[in-house]
Amino acid sequence: MEANRNACYTGTWESSRDIFYKPFHGEILCGGHALGSSQSFPCGSEHLPYPLGSRDGLKATAVLQRGGLNLTAVMVTAENNHTVAFLGTSDGRILKVYLTPNGTSSEYDSILVEINKRVKRDLVLSGDLASLYAMTQDKVFRLPVQECLSYPTCTQCRDSQDPYCGWCVVEGRCTRKAECPRAEEPSHWLWSRSKSCVAITSAQPQNMSRRAQGEVQLTVSPLPALSKEDELLCLFGESPPHPARVEGGTVICNSPSSIPITPPGQDHVAVTIQLLLRRDNIFLTSYEYPFYDCRQAMSLEENLPCISCVSNRWTCQWDLRYHECREASPNPEDGIVRAHMEDSCPQFLEPSPLVIPMNHETDVTFQGKNLDTVKGSSLHVGSDLLKFMEPVSMQESGTFVFRTPKLSHDANETLPLHLYVKSYGKNIDSKLHVTLYNCSFGRSDCSLCRAANPDYRCAWCGGQSRCVYEALCNATSECPPPVITRIQPETGPLGGGIRITILGSNLGVRAEDIQRISVAGRNCAFQPERYSVSTRIVCVIEAAEAAFHWGCRGGRLRETRPFASQRPVHLPTAPASQCGAAAGTAGRWHHTDHPWHLPGHGLPGGRAGDPQRHPV
């Protein structure tokens with residue numbers, strides 16, 4: 001603006017008349033004045049008794065842009081040399097905006113004055129600058145410019161980002177700077193937009209044994225300037241507070257004589273350290289400090305006391321002579337496994353076999369290492385879950401061996417076991433992980449039995465009519481013939497294209513066993529992705545030229561299972577001797593006129609007395 005006025009006074013009349021004008025009638029007289037005239041003769045003074053208009057408008061960069069919102073009022077003020085704008089909106093709100101020195105802006109709050117009521121342009125601050133007056137069409141509102149006291153903690157005060165507010169350290173509350181008695185002292189008033197609170201950034205040592213006594217050095221930032229009258233206190237958990245010692249930016253506290261109990265299943269307890277100002281017990285900051293317990297550390301990993309002791313993040317060591325976990329010493333004696341050297345622990349590993357059948361005594365071998373302090377004659381292996389413990393013997397090769405009892409667990413097909421190894425009643429580290437398995441679980445027929453994991457060595461025992469570990473069956477037998485128990489659906493359209501589900505038992509071991517399916521002479525396309533071992537075959541039947549009805553009774557079928565097209569024509573039921581499951585590698589289910597065909601390989605075999613085979 002000043003540049004435009006100066007150009008009017010000092011420029012030529014010809015160059016100025018196209019830019020400057022009088023808002024009223026008449027010609028403006030520009031030019032011919034000396035430099036600096038715009039300051040000597042301000043616009044509107046007695047030397048220029050009319051406003052000065054300029055067609056070359058002012059140019060500025062917007063500091064705030066809000067799409068889809070109409071601003072209706074503006075009030076700008078300053079607090080501690082920080083510029084704040086209050087903006088009224090057409091939907092009845094006041095926006096609070098901080099205008100930064102670099103020309104950007106930050107909206108930090110929004111106050112609803114009156115919903116959907118336009119805020120009028122006359123925003124006015126009170127005389128003490130503590131309140132803002134705003135008007136809508138028929139109401140006047142007085143609003144506080146700040147609400148610092150509503151933030152009870154330094155974190156909330158800081159996160160408000162209100163340029164009026166800061167944390168008054170010695171009073172432990174959020175205030176305006178003028179309301180904090182020692183605000184001018186370093187780090188006594190922490191402005192909200194500086195994004196800082198008094199905090200403990202580190203501790204030395206980083207942790208401590210619950211059985212040790214010593215000093216904890218806390219680095220505090222920013223640490224407020226403390227006078228001789230300011231006494232700082234340390235408070236560990238529920239222990240009584242005690243005076244702290246301040247050295248530069250470090251606060252030194254003595255560890256407490258009483259530490260809370262270590263929670264079950266953990267190897268440490270975190271204790272809150274609080275720093276307080278003695279005057280009024282004003283809270284300054286806090287820190288979670290861990291006190292570890294080596295005696296609990298040895299129990300964290302099942303059946304691995306030494307490895308659990310020395311592999312954790314603390315400085316625990318394993319005493320081989322006393323079989324216990326203790327705090328590390330700077331000069332360890334012999335017979336000590338030092339921290340983070342778990343590979344030096346006495347341990348047993350590499351069991352064989354890895355899978356053990358239920359209800360069968362099995363010899364299990366395993367290896368050991370670092371056993372100088374372990375006597376082989378005193379070893380026992382067992383499981384707390386299955387309640388057994390068996391003696392261990394050593395073979396000439398140095399391999400250890402024990403025999404399992406007949407173990408039983410019927411709730412699942414398999415049961416992972418982590419076996420313990422004890423010497424004179426104390427656990428030696430054991431990595432003996434085996435799997436107990438039950439051949440009978442979930443394998444009600446021969447095909448399901450044959451589909452079991454080969455490592456389980458399951459066999460179909462005809463005498464017992466069930467799936468068992470092969471050594472538990474005196475004479476294994478071939479699988480019985482397939483049995484169809486249900487066909488779904490039982491009717492279908494002449495156009496075909498529907499899915500037929502054949503349910504039963506012993507219907508093959510793999511999808512590859514099924515090569516072709518026909519229903520009453522019509523091809524039925526096998527869907528291998530829907531096949532379930534032994535129990536389900538799914539196919540899609542093709543169209544039929546005429547309605548038909550087909551069924552089968554007797555043989556290995558337990559009941560009549562018909563399949564009919566729509567508008568069925570009933571045909572005679574086949575004799576029992578011509579209906580059933582085919583034996584051998586090409587199984588068929590036949591009807592006199594309309595046969596089922598299920599050729600394949602690897603299907604369960606038949607026995608003497610089964611219905612006559614019909615070759616493909």
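Heavy-atom basis, side chains included; hydrogens, waters and symmetry copies ignored. In what follows, residues are counted from 1 in the order of the sequence shown.
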Asks: Give the intermediate values and the outcome of side chain to side chain donor-acceptor pair (under 3.5 Å) for residues N102 and T104.
Replies: CA-CA 6 Å; N102 61 8; T104 62; 2.8 Å; yes

Asks: Report the distance from atom OG1 of T399 to atom CE of M394, rounding to the nearest 0.5 Å.
Replies: 9.0 Å

Asks: Indicate whether any N or O donor in one side chain lies under 3.5 Å from an N or O acceptor in the other, for S430 and N303.
Replies: no

Asks: To the nearest 0.5 Å, how far apart are CH2 in W167 and SG in C180?
Replies: 10.5 Å

Asks: If you take the centroid of each ring, where Trp contributes its six-membered ring, are F402 and F400 closer together than 6.0 Å?
Replies: no

Asks: Do Q161 and S192 get their side chains close enough for a donor-acceptor pair, meaning under 3.5 Å?
Replies: no

Asks: Are side-chain N/O atoms of S286 and Q274 paired as donor and acceptor at under 3.5 Å?
Replies: no

Asks: Just say parallel, tilted or perpendicular for the rings of Y292 and W314, cut-offs at 30° and 60°.
Replies: parallel

Asks: Just verifying a value: how many Å separate L503 CG and R536 CZ, rounded to the nearest 0.5 Å?
Replies: 7.5 Å

Asks: Indicate yes or no: does R193 engage D162 in a salt bridge with an N to O separation below 4.0 Å.
Replies: no

Asks: Parallel, tilted or perpendicular: which describes the rings of F291 and Y289, with under 30° parallel and over 60° perpendicular?
Replies: perpendicular

Asks: Using 4.0 Å as the upper bound for N to carboxylate O, is an ion pair formed by D230 and R182?
Replies: yes

Asks: In terms of ring plane angle, is the pair Y456 and Y437 parallel, tilted or perpendicular, where the classes change at 30° and 60°?
Replies: parallel

Asks: Looking at every non-hydrogen atom in both residues, tell me the closest pair between E79 and P163 and how far apart they are.
Replies: CG-O, 4.4 Å

Asks: Parallel under 30°, tilted from 30 to 60°, perpendicular over 60°: which one fits the rings of W191 and Y98?
Replies: perpendicular

